[in-house]
2 protein chains.
Amino acid sequence: MGARRPREPLSRERALAAAIALVDAEGLAALTMRRLAAGLGVEAMSLYYHLPGKEGLLDGLAEAVIAEIEAAAEAADATVAGDDWRTRLRQRFLAARAVMLRHPWAPGLLGSRPTVPAGVYAYYDQIIATLREGGFSYRIAHRALHAFGSLALGFAQEVFRPAAAGGTTDVDVAEAELAAMAEKLPHLTAMMAAEAHDADDPTLGWCDSQVEFEFTLDLLFDGLERARG
Amino acid sequence: MGARRPREPLSRERALAAAIALVDAEGLAALTMRRLAAGLGVEAMSLYYHLPGKEGLLDGLAEAVIAEIEAAAEAADATVAGDDWRTRLRQRFLAARAVMLRHPWAPGLLGSRPTVPAGVYAYYDQIIATLREGGFSYRIAHRALHAFGSLALGFAQEVFRPAAAGGTTDVDVAEAELAAMAEKLPHLTAMMAAEAHDADDPTLGWCDSQVEFEFTLDLLFDGLERARG
DNA sequence: ACCTGAACACCGTTCAAGT
DNA sequence: ACCTGAACACCGTTCAAGT
């Protein structure tokens, strides 16, 4: 925003930090070489001295998010160091989810990168280590990694709403739309009615993502316990 | 590509079909109002008569993919109409996955849309119906929907590779990169070694996505069977 | 009803040039 | 070493105008 004279020189780190702030505030679509530069009090072309173009910038953003997730997961894991594998993985995944909730654009960004950010592999390595300590074979650990999928990185699966991205979502419109097609969706309507029954807020926003997230984790953990070989 | 004189007039349907063909062939990034129009033998501005701008075009694409998934899933379900819920859901999800494999850009597109395409709800409705017939409560059906997540739409979770998008992925580069950091990733390296052991092709491409996909399905199905209430 | 030309406000990126 | 101005080839979109 307010850019005085460039006190400290531009750097890759400063550019990435500004990019994250910009995207947190205004969404991925607002991230433009020109806008980013303007926010840094610099011309767009200056960015090319520190970053290999727009794609490189996006790669940097992806790596930064993964690093944040890994740091949060590592910290969470440290607090339950002596516990069993599922408690430790659970804490890790929940910490990752907290990071994702702070950066709702992250799933969309990671999905759009042509290659998995390198930091992801370090993150996987820790998960495999925990599974091995828990007595799992490499085979099951491998399958577990696939089964966790984006859950391991904290992606909450949005069932009734935008899958990822930022942007303003109009709950009322979505609800009206759904109501309009209610007679064509008898089972969905009935399910919503049944579930809204004991929810505080009987709207489309009735899914408690935290509860659903943890339910899915337990489903997978239970299954893995049983598949242990 | 080759555009003669406009024999049939432009229409929303023709524009969407051309857009899908273009994106299948060259990826989402190649989809431009101007390029799409050129392929149809028309000026870019003509598209605005049939579509509400680029976002509307992308929404149309998303709806088209969902419709294709739903049709495939419905057809697959019909072949196992008398069977139990898990066989029926399995066939549905595998059919959806086959569609996704034909349109590798689809996960990225759906993730980028600000709102869930309306067709998704009809698809969910069928899943809930199947679960209800299988004796599940609405509560568990609801949780199952969340637990399935993008699996229900056939999204294979890519663990070691691009999450979605098109684009050329260089296996060799990725493999070299991974090898370079092997000493920092002892568990991942060991797992790959152990798993590659009995694979035909001991490379990064060693994950058999079909097998992993089905393993995850069974994990979830088993868990739901047990959670039945 | 359907399509277009010209124009506008934006992009990312290059390249030679400044300091 | 770090930054910039001017320029290029692209975007999506508008609007008044054509047929």
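The structure presented is a predicted model; accordingly, all values stated were derived computationally and were not measured. Reckoned from all heavy atoms, side chains included, excluding hydrogens, waters and symmetry mates. Below, chains carry the letters A, B, ... as their sequence lines are ordered, and counting in each starts from 1.
The side chain of A/Met33 approaches C/dT13 more closely than any other nucleotide in the set C/dT4, C/dT13, D/dT13. Comparing D/dG12, D/dC3, C/dC3 by their nearest atom to the side chain of B/Tyr48 picks out D/dG12. In the set D/dC11, C/dG5, D/dC3, C/dG5 carries the atom at the smallest distance from any side-chain atom of B/Glu43. The A/Arg35 side chain lies nearest to C/dC11 when the options are D/dC11, D/dT4, C/dC11. Comparing atom distances between the A/Thr32 side chain and each of D/dA1, D/dG12, C/dC11 picks out C/dC11 as nearest. The side chain of B/Pro9 has C/dC3 as its nearest neighbour among D/dC3, C/dC3, D/dT13.
Across the protein-nucleic acid pair, B/Glu55 atom CD and D/dG12 atom P stand 11 Å apart, rounded to whole Å. Protein atom CG of A/Leu36 is 16 Å distant from nucleotide atom C1' of C/dC10, rounded to whole Å. What separates CG of B/Leu47 from P of D/dG12 is a distance of 10 Å, to the nearest Å. At whole-Å resolution of the value, CZ in A/Arg12 and C1' in D/dA1 are 18 Å apart. For the pair A/Leu40 CG and D/dC2 P, the computed distance is 15 Å after rounding to whole Å.
Contacts of B/Met45 with the nucleic acid, taken as non-hydrogen atoms under 4.0 Å apart, include base atoms.
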Is there a side chain to side chain contact (heavy atoms under 4.5 Å, CB included) between B/Asp77 and B/Gln91 once you walk through the steps?
CA-CA 6 Å; B/Asp77 185 57; B/Gln91 288 313 111; 6.0 Å; no
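For A/Tyr49, no side-chain nitrogen or oxygen approaches OP1 or OP2 of D/dC3 to under 4.0 Å. An OP1 or OP2 oxygen of D/dA1 is reached within less than 4.0 angstrom by no side-chain nitrogen or oxygen of A/His50.
With hydrogens and angles left out, the side-chain atoms of A/Gln126 and B/His187 include no donor and acceptor closer than 3.5 Å.
At a threshold of 4.0 Å, the pair A/Arg34-A/Glu43 does not count as salt-bridged, since none of the basic side-chain nitrogens sits closer than that to a carboxylate oxygen.
Cation-pi geometry between B/Arg97 and B/Phe213 is met: under 6.0 angstrom from the ring centre, within 45 degrees of the axis.
Toward the 5′ end of DNA chain D lies the nearest nucleotide of A/Ser46, the other residue of the pair A/Arg34 and A/Ser46 mapping further downstream.
Across all strands shown, D/dA16 forms a Watson-Crick or G-U wobble pair with C/dT4, both key distances being under 3.5 Å.
For the pair B/Leu89 and B/Leu131, the minimum side-chain heavy-atom distance is below 4.5 Å.
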